[in-house]
Colleague: 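One structure, pasted below without further comment.
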Amino acid sequence: MASGLALSTARGGEIYVGSEIRDSLSQLDILYANQFEGESLDPEVVEHTEETFYKGAPPEWLNFDISEQAESEGTGTSFIKRDGYDTLKQQIQNKRKSPRISTVKLFHQPGCGGTTLAMQVLWDLRKTFRCAVLTDSTSDITNVATDVVHLFTAGSRGYQNTVLLLLNDEHIPENLQNSIMEKMAEQKIVTTMPVVIFLTCVRKDAVLQSDHVVLRKVLSETEKQKFNEKKEELIKKYRDRCGQFHGFNIMQTNFSQAYVEQACTVFSTVQRSNKPLKTQLATFLSLLNAYVPGSYLLESQCLDFLQHEDSIHGHLSLEDRMRPFSHLIITFQHDARSGKKVCMAHPMIAQCCTELMGDAGVTRSDTARNFLNRLCRDEIPPHLLGFVRDMLTKRGMKLEENPKKRINGDENKKDQERFSRLILDIQKKECKVDSASVLKVASKIFVQNPFFPQALARFYYIEIKDYNKAERWAKEAKERDPKNSFVADTLGQVYKNQLKTKEFSLKQREILQLAKKAIEAFKDEERLAENEYGADMKEDGNTRVSNIFNIRGQFGYLQVCNLIYDRLVSQNETWKRVLTNNVSMCSVLGLLGDNKLYRLNGLVSSLRDEVEKKCAFFDKYLTYSKPDMRKDDAPYISRDTSECYKNYVGDSPPKHLKEKCDDHIQKLKEKLSVTSAGVLSCLDRKYTESDLQEITTWWKEIHSRKDTQTSLVNYILAQIMLNNLGEIFSSDAKFSTALRQLTPPSPQNAPELNMLALLLNWPTDSEDKSDFDLSQSIQYMYSSYEHTYKTHFRSRYLRPLFFIGKGQNLDRIVHRRVLEDLFLAQKEDVIQDVQDLNSYWGSEKIFQDPMIQQRLLQIEGRVRNYRLYAIFGSKEIELEANMQNTLWRPRQVTFYLGFTIRGPVAFGIQTKIAETGLKQDISDWTELKPEVNRVDDVQTYSLHSEAGYYECSVSAVRWFCKETVSFEYQFTSWEKYMTTPSCVDYIPAGPLLDIKVTTGKIEEVHLPHWICTDDNPTISDNFAVLHVDTSGDYVEKVSEVTSSHVKLLQPVFSPRGVMIRMKLGFSVKVFYDVLIFKTNKASLTLHVYLLPPDPVVQQAVERQENSDASRSIRKPSPDKPLRLENHFFLTTDTETAEICPDKLKLTCERKNPNFFEVFIRNANSDFSLKLEGEQKKNKEKETVWTCMIRKDDYQKGSSYQEQGQHFVDRHRTDLINRVTDTGTILDQLKDRGIISNENYDTVRALKTTQDQMREILRFLNSAGRAGKDALYEIMRGMKHLSFLIFELEGSE
């Protein structure tokens, strides 16, 4: 990296960024495009790095470079690519076609090369993407988003490129994506490419069928062959040392258990007692690695531990001290800032060693307790605490194969295990007491950590059924983190499970006393949850922020109430009337048979009201929200809640109904429709039309008697639900009055009222205005929601309740369930359950269904700066989008409008039909002539255009703009750039143009090239564009290649020119010009050049020839392309002609190009010239160009003067308006002594070429005919003016 660190650009180039990028992006480990390039590596470092990897160390970037270099030098084969490599790479590249952020997932079993595969893909894509690894999955999402956006825009916004970010947590991308979009909007960054593509690499012990790439502990036949070939290579290089390459050998033997057991035989001799410290350390590492993949100990910790036994041999390395276990253990260090790490060579080795120790009597619980006591007593680093916590408390997922293929590719039903894998294995292979003892030791060592006593309490009440000890440890956990509601939940669960246990026969009073403890614990948990404000975990002073609101306290309360009801009613039916408050408990103590129950009267009498309150909460919670777009809440939540409501409220009317409407309210409670959420759930509960008619009638009557917001909202909602069920709506006076009572949304109104008001007043397809201020109303809805529901619904997905459909009045309000039923009716053979339907909602594919599209109203809008706006007439209304990933590209869109309890949301966003009908056909390019200005030796061309497609008449540059633009450009030389590192593999393929936009924005620029593309369909892959700016020069890929131009989208301007890569065996044909000059010698002498159509090159030759008094003879250039590096022969039909050299090799030489010299003595007639190319295969010659040189071409004639009037005089106006290269003319006139230095300076001081040419002609009038003759000859000798001269001569 002689020029410094470089990042790839979107068009294939590289930009040097320096170390400040690495230092500023602290959350990311960046893989640079030129990583290790130009570095001289110590051979010992190379060998050690490779050897450590094959032993089993995690890969580092240097491993891939070593393999790549070995392959290029022919000393080794390529890095083994597992079968998922091509699929994974292709999935990533496909994601780049869309501007939205996306995720590619790789699942792998521990020890099968998943991390290596992911890093290998990043390495191979480092010159296509900006690759990085998230170093810490617990990092603050906002900071990570800032780093990702910084990496995306590094260098400058013109050099943006997609970030390929490797993550080890599949749950990070969603939140990170939203934060990235916020950062992009803040910085007003517009992009047509994805900012980032997430590659999640996730370890899973058991991975079943999936649409994602999955690596398992089994090799295909192709993989076996690759590993066998690599094995032979390693044996030749490392000989006997290969026997200890366990990481490689385990995979090469197809994860052979026999190989692993043979490697681990040293552990079969381990004794349970009197184990040396090195044996203990080996058992610690085995246990830790077996149950926590990716875990490790620091080498310093290991040495400190061994020091207690072997202080005499303190100078020995860890490897020497750990013999005979050394070959099973690896030490590695990837980051010089962190210490060396130690782990077992492979998870299968760790697992096998743990099993062998168990067979030898060294149990898992013994090892775990010893590990905790010996290595965790003193202060330990945070990473080790994390490993211990994962080993003892992290609960894995139960996996049960689902034979039915799922739409989202997930074929697994998942339930969480009750305890960590180690605790379960100890319970299974030893006993429950040993499991508890390990957790108890951890609880006593980590005296501030709440999670170990929490797990211990759970184990006591779930497995051992020792509720007293469970209570003790649950209280201990709560004391350690008194503000954590999730920790507090365990105490309530202890009491609830004790109450639930059938083995205990409890009396009525004992049931209520135990229930009271549970209820108090759950109410305390509920109080804590209300005060958490999003922080649900607290560990060692570090708060891990989560938006989840803890509902376990409220739900636990209802579950306890269900248990109370079941246990008491089963003993005495009188409890039914007591628990529903139909009779007071004190009035029936005799029937209950226990007079001391009166002490619990306060608890019993409060249950009904509390149940009603909490059921109302869950009614809203489950109706308005769900865990995420693709997932519903567990069915038992709704089931248990409904059961509790019916037990205490729904089936039991109050003792005294004072008014008629109270009777209606009780009936609504029985129908679970006494709240707005309940009414909105009627279709989901499959209520019939008769049910809904009753509900509507009851709410209508209640509203007529009690004119409240609630009755108003529920009456209108009930009517809307009835209408959605198919009943034809006919408005009566009462309903019309109710609608008129709806006021504009207000922050003080209930969210339901605001939603209904805005829903009913939203513009339709026949309207462009609303009675409300829509933008203000939406903001008021947001405010009302924030105040009422945000605390409880935070992080949850808000369900769409209604959609705007076609039609008028209530007919245009479509409930979500109507769309689902309509969709399900057509997909009965595809959709089998709710999960399948959720996947259609999650992907928004439901809105692609023609029946759904026919039912809903399509609304027009615009995406701008990652925000969506609905368009109504001349107004724009900002809206939320259901899928933020649809807002990456500014454009006109259409969408469907849904309403959540928070407000309107856009669904199914689609790009509108193209805004312009312009076609990119060559006939649509409007040619513009530039204005030419010359200052000193620099000639600048200026252009100005309105919106459209244009082409410059001088340079052939094309551009497309949507607005008025002005820009200027200059031709510049390639010479100083072609020797730079970024250009060494390329040759110029077009003129180099320094372009500067002064006004407006160019959407596309088409740069001209002279390469023949007709007979090579793959040649476009080799095109590139040089881009030069203050930070250096680099090469970019192009968007499109045509036969004459390359296209760049959203260009950033600087010196720009088309290049093409020259590779070994790659042949290029070019369209070159033939320039012919007649020298000023006595005999006819011609100089014939083969030159690229580059003004800089050709003008340099013209200046050289003109300085020697040569003049140009204009002839057509070859129609056929010429092949570079071929030899060409020039011949003539004149026998006396002498041509030197006899052949020329066509090269890219731009400085002092060679030429044919044609000498003919005493020429006095016409003759022909023929150019032939030699074909390399058969040495045959092919004619590529011919021309006729006529006598008048080389002899001075009188065409420039006619009957006293000179050519210059006859065409004065055309010369003033059409000659632009006045600088060359001035130089030639000055060199010939036609004009003085003073006149030269006078002309140069003028701003426009028209004024300069006018002044030249004025001076030449004073010089007479000789001056005009000189001007004529100079113009004829200038190739790009010879066309004009012949045109003007032809017009005569």
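Numbers for residues simply follow the sequence, beginning at 1.
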Colleague: Distance check, rounded to the nearest 0.5 Å: Leu1271 atom CG versus Phe1259 atom CZ?
Modeller: 14.0 Å

Colleague: Do Val1096 and Leu992 pass the side-chain contact (heavy atoms from CB on, under 4.5 Å) test, and can you show the C-alpha distance, the side-chain angles, and the key distance before you say yes or no?
Modeller: CA-CA 9 Å; Val1096 173; Leu992 183 60; over 6 Å; no

Colleague: Do the side chain of Lys996 and the main chain of Phe1053 share a donor and acceptor less than 3.5 angstrom apart?
Modeller: no

Colleague: Within the distance-only criterion (no hydrogens, no angle test), does the side chain of Trp1010 pair as donor or acceptor with the backbone N or O of Pro991 below 3.5 angstrom?
Modeller: no

Colleague: Applying the side-chain contact (heavy atoms from CB on, under 4.5 Å) criterion to Pro930, which one of Ser942, Cys952, Ser955 satisfies it?
Modeller: Cys952

Colleague: To the closest 0.5 Å, what do you measure between CG (Leu1007) and CD1 (Ile995)?
Modeller: 5.5 Å

Colleague: Centroid separation under 6.0 Å, is that true for the rings of Phe967 and Trp959?
Modeller: yes

Colleague: Looking at every heavy atom in both Cys983 and Leu1026, which two are closest together, and how far apart are they?
Modeller: SG-CD1, 3.5 Å

Colleague: Is atom CG of Asp1241 surrounded by more than 12 heavy atoms (other residues, nucleotides or ligands) closer than 6.0 Å?
Modeller: yes

Colleague: Do we see a donor-acceptor contact under 3.5 Å between the side chains of Thr972 and Asp994?
Modeller: no

Colleague: Report the relative orientation of the aromatic rings in Phe1167 and Tyr1194; use parallel for angles under 30°, tilted for 30 to 60°, perpendicular for over 60°.
Modeller: tilted

Colleague: Under the criterion side-chain hydrogen bond (donor to acceptor under 3.5 Å, both in side chains), I'd like the reasoning laid out for Thr153 against Gln160: C-alpha separation, chi angles, the key distance, then a yes or no.
Modeller: CA-CA 5 Å; Thr153 59; Gln160 299 167 349; over 6 Å; no

Colleague: Under the 3.5 angstrom rule, does the side chain of Ser973 hit a backbone N or O of Glu975 as a donor-acceptor pair?
Modeller: yes

Colleague: Output all residues satisfying ring pair (Phe, Tyr, Trp, His ring centres under 6.0 Å) with Phe1155, sequence neighbours left out; order by chain, then residue number.
Modeller: His1087, Tyr1089

Colleague: If the threshold is 4.0 Å, N to carboxylate O, is there a salt bridge linking Lys1191 and Asp1166?
Modeller: no

Colleague: Where the side chain of His1006 meets the backbone of Ala956, is there a donor-acceptor pair that is under 3.5 Å apart?
Modeller: no

Colleague: Evaluate the criterion side-chain hydrogen bond (donor to acceptor under 3.5 Å, both in side chains) for residue pair Ser8 and Asn161; output intermediate values, then yes/no.
Modeller: CA-CA 7 Å; Ser8 64; Asn161 195 15; 2.8 Å; yes

Colleague: Could you please spell out the steps behind the salt bridge (charged side-chain N to carboxylate O under 4.0 Å, His left out) verdict for Lys1078 and Asp1193?
Modeller: CA-CA 9 Å; Lys1078 175 191 172 296; Asp1193 291 326; over 6 Å; no

Colleague: Can a donor-acceptor pair be found, under 3.5 Å and without considering hydrogens, that links the side chain of Ser1236 to the backbone of Asn1239?
Modeller: yes

Colleague: Heavy atoms, side chains only, cut-off 4.5 Å: are Ile1002 and Phe960 in contact?
Modeller: no

Colleague: Counting N and O atoms only, with roles assigned by atom type, does the side chain of Thr980 sit under 3.5 Å from a partner on the main chain of Tyr977, one being a donor and the other an acceptor?
Modeller: yes

Colleague: When you check the gap from the basic side-chain N to the acidic O, do Glu1036 and Arg1056 get nearer than 4.0 Å?
Modeller: yes

Colleague: Please test Thr1249 against Val1219 for side-chain contact (heavy atoms from CB on, under 4.5 Å), starting from the C-alpha separation and ending with a verdict.
Modeller: CA-CA 8 Å; Thr1249 57; Val1219 173; over 6 Å; no

Colleague: Among side-chain atoms of Asp1073 and Gln1098, is any donor-acceptor pair under 3.5 angstrom?
Modeller: yes

Colleague: Is Thr1132 reaching over with its side chain to a backbone N or O of Ser1168, donor-acceptor style, under 3.5 angstrom?
Modeller: yes

Colleague: Using modelled atom types and a 3.5 Å cut-off, is there a donor and acceptor pairing between side-chain atoms of Glu963 and backbone atoms of Lys1001?
Modeller: yes

Colleague: Are Arg1103 and Asp1227 ion-paired here, with the side-chain N under 4.0 Å from a carboxylate O?
Modeller: no

Colleague: For the residue pair Lys1145 / Asn1126, report whether a side-chain donor-acceptor contact shorter than 3.5 Å exists.
Modeller: no

Colleague: Distance-only, no hydrogens or angles: does the Gln970 side chain make a donor-acceptor pair with backbone N or O of Thr940 under 3.5 Å?
Modeller: no

Colleague: Taking atom NZ of Lys1170 as the centre, report whether more than 12 heavy atoms of other residues, nucleotides or ligands fall under 6.0 Å from it.
Modeller: no

Colleague: Measure the spacing between CD of Glu1255 and OG1 of Thr1222 and express it to the nearest 0.5 Å.
Modeller: 12.0 Å

Colleague: Any side-chain to backbone donor/acceptor pair from Asn1022 onto Ile1060? Under 3.5 Å, distance only.
Modeller: no

Colleague: Could you tell me which residues satisfy salt bridge (Lys or Arg N to Asp or Glu O under 4.0 Å) with Arg1254, sequence neighbours excluded, listed by chain and number?
Modeller: Asp1251

